[in-house]
Amino acid sequence: MLATLAIEKNAHEVALENFDLAANALDLDDNVRAMIKYPERILTVSVPVRMDTGKIVRFEGYRVQHSTLRGPAKGGIRFHPNVTVDEVKALATWMTWKCAVVNIPFGGGKGGVTCNPKVLSLGELERLTRRYATGILPLIGPEKDIPAPDVYTTPQIMAWIMDTYSMTKGYPVHGVVTGKPISLGGSLGRNEATGRGVFYTTLSSCQHLGIPLQGARVVVQGFGNAGSIAANLFHEAGAKVVAVNDSRGCICNLKGLDIPAVIAYKNRTGTVIGFPGADSIKPEELLAMECEILVPAALENAITAENAHTIRARIISEAANGPVTPEADRILDEKGVFLIPDILCNAGGVTVSYFEWVQDENHLFWDEQDVNSRLERVMIRAFQDVLKIHLDRKVSMRLAANMLGIGRVADASHVRGLYP
């Protein structure tokens with residue numbers, strides 16, 4: 001998908017285009033735009049790693065802080081073969097608006113290493129993580145930049161980063177990362193938070209549109225953490241999850257998949273392919289299936305101008321970052337598809353990361369029910385804030401969310417006296 005993105009329009013260009021659309025709608029002053037549009041810091045680091053064979057292989061890593069106007073930078077670290085600095089800049093930009101949409105006191109950051117973690121041994125992965133963490137040490141810390149898991153990174157990887165940082169201080173610093181194991185100051189409910197946020201915003205959309213969730217057909221593109229958890233929550237709520245996919249292929253059952261069984265099967269085999277009682281379909285067929293709810297939960301650029309006309313969903317819930325291009329946005333809007341934009345839909349992860357950071361800094365931890373109920377309140381309030389702009393200004397949900405987030409960051413810049 002990222003290869004397609006690079007040919008058409010890179011992720012950072014998409015982020016800047018969406019910024020300009022929202023800034024124009026807000027009639028933002030040029031001075032404000034100059035202050036908040038571009039990243040504050042971009043760090044590129046060399047990551048040499050001794051492999052198990054004894055050979056040293058050099059990887060390249062990045063950490064971008066887009067904005068610290070509203071608080072410390074916050075954002076995940078991804079390990080993926082297609083990581084580029086432009087992708088990381090785009091993700092950091094979206095994180096700024098995302099944190100502002102749910103109104104938590106963070107700015108946007110993001111990191112990544114260009115590598116394929118699937119071919120690395122556990123020892124190689126640990127050495128890569130620690131070397132990368134050492135490279136970005138000047139930027140990170142609980143008061144200035146707090147990384148978290150993202151694509152192909154895990155609580156274990158966050159634990160290694162925390163440990164590497166703590167060794168430089170001489171004492172444990174739990175708040176330097178979020179998404180950690182519970183035993184190291186992680187928060188209950190963090191692992192499920194992104195998928196749970198997708199569920200809450202989709203449920204709110206169904207209520208707004210008068211679509212009963214019971215019996216609604218759901219298609220999930222990307223059966224990783226967010227996609228599988230969201231699928232399970234839809235299944236538990238009585239919806240029919242009719243198709244899912246992972247990086248190896250797609251499966252479908254029009255009567256509804258047994259999602260807990262699919263999750264168990266994938267945990268056992270490493271893929272959804274071959275799940276008993278399901279048919280194999282092509283990726284383009286999955287996106288084009290008739291359904292009430294389509295959840296793109298994989299990588300960027302899943303829905304483009306080339307395939308947007310094939311979409312037959314009533315609601316698109318963007319669990320991934322940037323899965324719909326601006327050109328596809330316009331096509332979907334004309335088709336009457338109700339789209340929950342990524343900076344709202346998948347903000348559950350950063351919201352509970354904020355909760356984890358608060359718990360770490362106060363050395364006081366909450367039970368899971370408390371975490372989930374707080375998350376539900378934040379997500380529903382943010383949805384209603386975006387929906388109000390959507391209805392009052394008669395703009396798309398994407399533009400409404402960007403207007404809300406960018407407007408709050410612009411206001412912070414003004415209140416701090418950072419422009420005339």
Side-chain angles (χ1 to χ4, degrees), residues 15 18-19 22-23 25-26 28 32 35-36 65-76 91-110 142-146 148 175 178 187 189-190 193-194 196-205 208 317-318 321 340-362 366 370-393 395 397-416 418:
N18 283 329
F19 173 87
L26 290 166
L28 278 190
V32 185
M35 283 294 306
I36 68 175
Q65 293 177 350
H66 176 263
S67 174
T68 55
L69 280 170
R70 301 181 74 251
K74 186 79 188 77
L91 293 165
T93 303
W94 288 323
M95 281 299 300
T96 297
W97 319 138
K98 185 185 300 184
C99 291
V101 164
V102 291
N103 209 18
I104 57 177
F106 286 145
K110 209 74 179 185
E143 304 87 8
K144 50 187 179 179
D145 188 352
I146 306 129
T178 58
S187 176
R190 173 59 185 87
T194 303
R196 195 171 286 277
V198 171
F199 175 75
Y200 291 145
T201 53
T202 305
L203 179 59
S204 295
S205 299
H208 166 65
S317 304
E318 291 189 327
N321 290 310
I340 315 171
D342 48 5
I343 63 171
L344 168 63
C345 188
N346 67 30
V350 72
T351 301
V352 177
S353 278
Y354 166 62
F355 296 163
E356 180 178 332
W357 177 77
V358 168
Q359 293 170 81
D360 286 337
E361 292 296 282
N362 287 281
W366 311 337
D370 195 17
V371 171
N372 290 342
S373 63
R374 289 171 186 261
L375 173 62
E376 183 175 13
R377 288 197 298 273
V378 168
M379 296 304 298
I380 291 175
R381 182 177 65 241
F383 177 86
Q384 294 299 331
D385 288 344
V386 173
L387 184 66
K388 186 176 189 304
I389 297 172
H390 164 67
L391 297 174
D392 289 352
R393 296 289 297 269
V395 296
M397 285 289 285
R398 166 111 47 223
L399 183 53
N402 283 326
M403 288 171 67
L404 177 63
I406 291 167
R408 283 175 172 167
V409 176
D411 184 60
S413 178
H414 176 70
V415 171
R416 288 183 61 174
L418 298 181

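Each residue takes its place number in the sequence, starting with 1.
- The structure places OG of S67 at 11.5 Å from CD1 of I406, a figure rounded to the nearest 0.5 Å.
- Minimum heavy-atom separation, R408 to V101: NH1-O, 3.0 Å.
- When all heavy atoms of V386 and A401 are compared, the closest pair comes out as CG1-N, 3.7 Å.
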Would you check, one step at a time, whether the test side-chain contact (heavy atoms from CB on, under 4.5 Å) holds for N321 with K110? CA-CA 12 Å; N321 290 310; K110 209 74 179 185; 4.2 Å; yes
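- The two residues P72 and P105 come nearest to each other via the heavy atoms CD-O, 3.6 Å.
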Check against side-chain contact (heavy atoms from CB on, under 4.5 Å), V358 and W366: CA-CA 10 Å; V358 168; W366 311 337; 4.1 Å; yes
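- Between Q384 and L387, some side-chain heavy-atom pair lies under the 4.5 Å cut-off.
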Should T68 and K144 be marked as a side-chain contact (heavy atoms from CB on, under 4.5 Å) after you check the CA-CA gap, both sets of side-chain angles, and the distance that decides it? CA-CA 8 Å; T68 55; K144 50 187 179 179; over 6 Å; no
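- Classification of R70 and D411 as a salt-bridged pair fails, no side-chain N sitting under 4.0 Å from a carboxylate O.
- To the nearest 0.5 Å, atom CG of residue L26 and atom CE of residue M403 are 4.5 Å apart.
- Residues G405 and A100 share a closest heavy-atom pair of O-CB, 3.4 Å.
- Between W357 atom CH2 and E143 atom CD the span is 8.5 Å, to the nearest 0.5 Å.
- Counting heavy atoms from C-beta outward, N346 and K98 have side chains that approach closer than 4.5 Å.
- Taking 4.5 Å as the limit, every side-chain heavy atom of E318 sits out of range of all side-chain heavy atoms of I340.
- With contacts defined as side-chain heavy-atom distances shorter than 4.5 Å, the pair F19/T93 does not qualify.
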Evaluation steps, side-chain contact (heavy atoms from CB on, under 4.5 Å), between F355 and V350: CA-CA 9 Å; F355 296 163; V350 72; over 6 Å; no
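- Residues K74 and T178 bring a donor and an acceptor atom of their side chains to less than 3.5 Å of each other.
- Side-chain N or O atoms of R381 include none that pairs as donor or acceptor with a backbone N or O of E376 at under 3.5 Å.
- Looking at heavy atoms from C-beta onward, L391 lies in side-chain contact with H208 at the 4.5 angstrom threshold.
- Residues M397 and P341 come closest through the heavy atom pair O-CG, 3.6 Å.
- We find the OG-CG distance between S317 and L203 to be 10.5 Å, quoted to the nearest 0.5 Å.
- A distance of 8.5 Å separates OG of S204 from CG of L344, quoted to the nearest 0.5 Å.
- Counting only heavy atoms from C-beta outward, the side chains of E356 and V352 never approach each other to under 4.5 Å.
- In terms of modelled atom types and a separation under 3.5 Å, the side chain of H66 and the main chain of G108 share no donor-acceptor contact.
- A heavy-atom distance below 4.5 Å is not found between the side chains of F383 and C345.
- Atom CG in N402 sits 4.0 Å away from atom CD1 in I343 (nearest 0.5 Å).
- No side-chain heavy atom of F106 sits under 4.5 Å from any side-chain heavy atom of D145.
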